[in-house]
Novice: 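Below is one structure. I have some questions about it.
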Amino acid sequence: MMKTNQNSKETYQRFHVLHRILHIVIIFNFTLLAITGFLLHFSGFGWARFLVSIMGGAAAAGWLHRFCAIFLYCGILVHLSWLFYYKFALKKKLSGPDSMLPKKKDIKDLYQNLRYVFNKGTPPLFDRFSYLQKFDYWSELLGMQSMGITGLMMWFPEFFTRIFPGYFINIAGYFHFYEAVLAVMYIGVVHMSDTHLHPDIFPMEKSIFTGKIEKERFMEDHPGEWERQQMIRTNQTDQ
Amino acid sequence: MNSKTIRSIITGCAMIMFVTAFIHTLAVAASNPDVKAEIVTEESAEPAPEPLVCIDCHRAPNINTNEGVIASQAFCYDCHKKTDTKKKVGTTDISLTITADTFNKNQPNHRFIACINCHTDVARSPHKTETGATCMECHKPHSEGAANEPHLRVSCQACHFQSKFVRLDPEDHRVKLAHANYDSVPISLSTHTLADTADEKTCEKCHFKNNPVGAPAAVLPSKSVLCIVCHNSPLAMGHPIFGLAGLIFMAGLFFMVAFWFKGSVKGEEASLHKKISLTSESVWSTIFSKQLFSLIKIFILDIIFQRRILKESVSRWSMHSLIFTAFLLRLGLSLFTAVGYYFNPQGEWIAALIDKNHWFTALSYDLLGLFILLGIIWAVVKRFIVKPDHVVSEYQDNIALLIVGSLVLLGFLLEGARILVTGIPIDTAVYSFAGYIVSSMFSIFPFDWASIYPWMWYAHGVMAAVFIAYLPFGKMRHVFNTPLTYFIEAVDGVKNEKRV
């Protein structure tokens, strides 16, 4: 990774511009999806009616909800094409230590971290992504697929009832709602506290927006990756 | 149980069977029409009709339910299924017969829609409609493809119903389905048969020579999405030539950007991946910094208001602004229309903006087009007649002037022909003042303008396609290069080489 100097603090690049854009796309669309979705679900309540009327009525809120869903899914498609680009154009391995794929080490890390939380032993040495970050990623990626399918079922019931019986649309509605609750809870509680509430990082983790990570944070939070990069650097200087 | 009881049971059963058989025979006889007729003639000359209860007619089934729809339909079919249901127009009888079978076959998608859902004002006395059938309560007017604003004054049924005859209503200047054929013999439309609008033959019921509604003599493709530079246009490709122009435009853009990346980026010479990531990194850090505000300032002052050209020469600025600002305003107007149409297709403003005969739309597009033409004429005069020392004409400049100039000129000629062909009343047409003057000039010549109009349309369309395809090449490339250079100069400070 490239070394950059900014504000006299030594920083390293952690995220490409593409991934920063995608993260902003997700923030924007996820938030709007959650707001419009819950407002439509709780349409019986006065406050929801008031807020929906600000948006221009239930039809407009529904339109916005579907628009954001498509926008968000375009983000997923861009991400998948990035993976293809990474593998076939940049000829890098998808399964290396930099990858998001779950590994045995993640379970060990979890165990070690739990021991550490109960004051036994040392904290685990995470690589580029910790097990919690991987869990974030996979729950979002897979969750968006099932949200997408159930959402499509409610969007095009005429098409889906040619394949499934009618009550599947109702089931899809329940799945869509409860998974939305789960996703919002997960992002709002786990993801937010995991990133921003770390005592050294508080009030805000900026690396996904600036793309850069400070040297101290890098060494402390991702020691595995740091070690590997140091080895690459020393090899390069030796040659 | 003794034998007496058994006997009485058997006798009872036999009695019951006998009575049942008797009643059944009567019932069969009653349901058999031949026998019934006999019975009727035997009993009385006229069968007493089932007494009507008020609520048989005076009720409102809930037509939001299938049961209600069927009940409501049954009420209409009660009379309309009879073959002798007709009305008299003059001396001719027009059949108003429609049976459930015919309707469901011809309009399968409206099977579960009550008649009064579309024929909204018939359920009253006198039993007569003034609005006709309404479509817009459920269907949005569509903008895709052929049915954009050229057909704004065409009623839905004129295209979507399978009847060959159309008329131009002189009262509201709308094209409607005719209730009489071209020999003025009234015709029946009661079968509700839909036309196949995907078939071009359907369009030819208006678009033929000497048609009664003022349509061009040929079926023309729709405007392309590329036309949005100057006109409001549907989200369609239109004629394949626009697709080709779009492809050339995209390829030109691609090669232009690829050419930029041929140079080195911050010392990186070889890897395209690293060049792109370095470039995007610096673009990102520029956007999320205070420099963004100076870029916005440059965008408004130097790009929209052309400050740098104004500093060089006022006459040059006036000439360039006549072309550029008019283009920009036309683009802004048509983009506003396109977006507005998407969100509120039935809004008053949008209807006015789409209707090219509306006074505001006609006036503003004509005025802006005229500005472009004036700017082009000014430039031509400067380059070929005045020829000041500092103006060096290269063939690329001349090509650009030729393309834009002939594009706008053809546009005005086309507008004149359209006003003439569609026979727009003078008090509407005067707002398209330039086009109206052209149309008055055209009207002197006794040509068959309805047949010439399609050729003029194609000439304008081909010129537009050439204009779009030529944008990333030659002189017109300055549309992309100059703003980018301004931005890069601002970011890098002094005037130096391009960073990318």
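From a predicted model like this one, the values you see are computed outputs, not experimental measurements. We name chains A, B, ... by the order of the sequence lines, and we start the count at 1 in each one.
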Novice: Assess whether atom OH of A:Tyr137 is packed by more than 12 heavy atoms of other residues, nucleotides or ligands within 6.0 Å.
Specialist: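 Yes, because the 6.0 Å sphere around OH of A:Tyr137 holds more than 12 heavy atoms from other groups.
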Novice: Roughly how far, to the nearest 0.5 Å, is the OG1 atom of A:Thr210 from the CZ atom of B:Phe288?
Specialist: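 That separation rounds to 11.0 Å.
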Novice: Using non-hydrogen atoms and a 4.5 Å limit, figure out which bit of A:Leu18 sits close to chain B: side chain, backbone, both or neither.
Specialist: neither
Novice: Around atom CZ of B:Phe254, are there more than 12 heavy atoms from other residues, nucleotides or ligands closer than 6.0 Å?
Specialist: no
Novice: Is A:Lys134 atom NZ crowded by more than 12 heavy atoms from other residues, nucleotides or ligands, each under 6.0 Å away?
Specialist: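 Enclosed.
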Novice: Assess whether atom NZ of B:Lys105 is packed by more than 12 heavy atoms of other residues, nucleotides or ligands within 6.0 Å.
Specialist: no
Novice: Where on A:Phe209 is there a heavy atom nearer than 4.5 Å to chain B: the side chain, the backbone, both, or neither?
Specialist: backbone
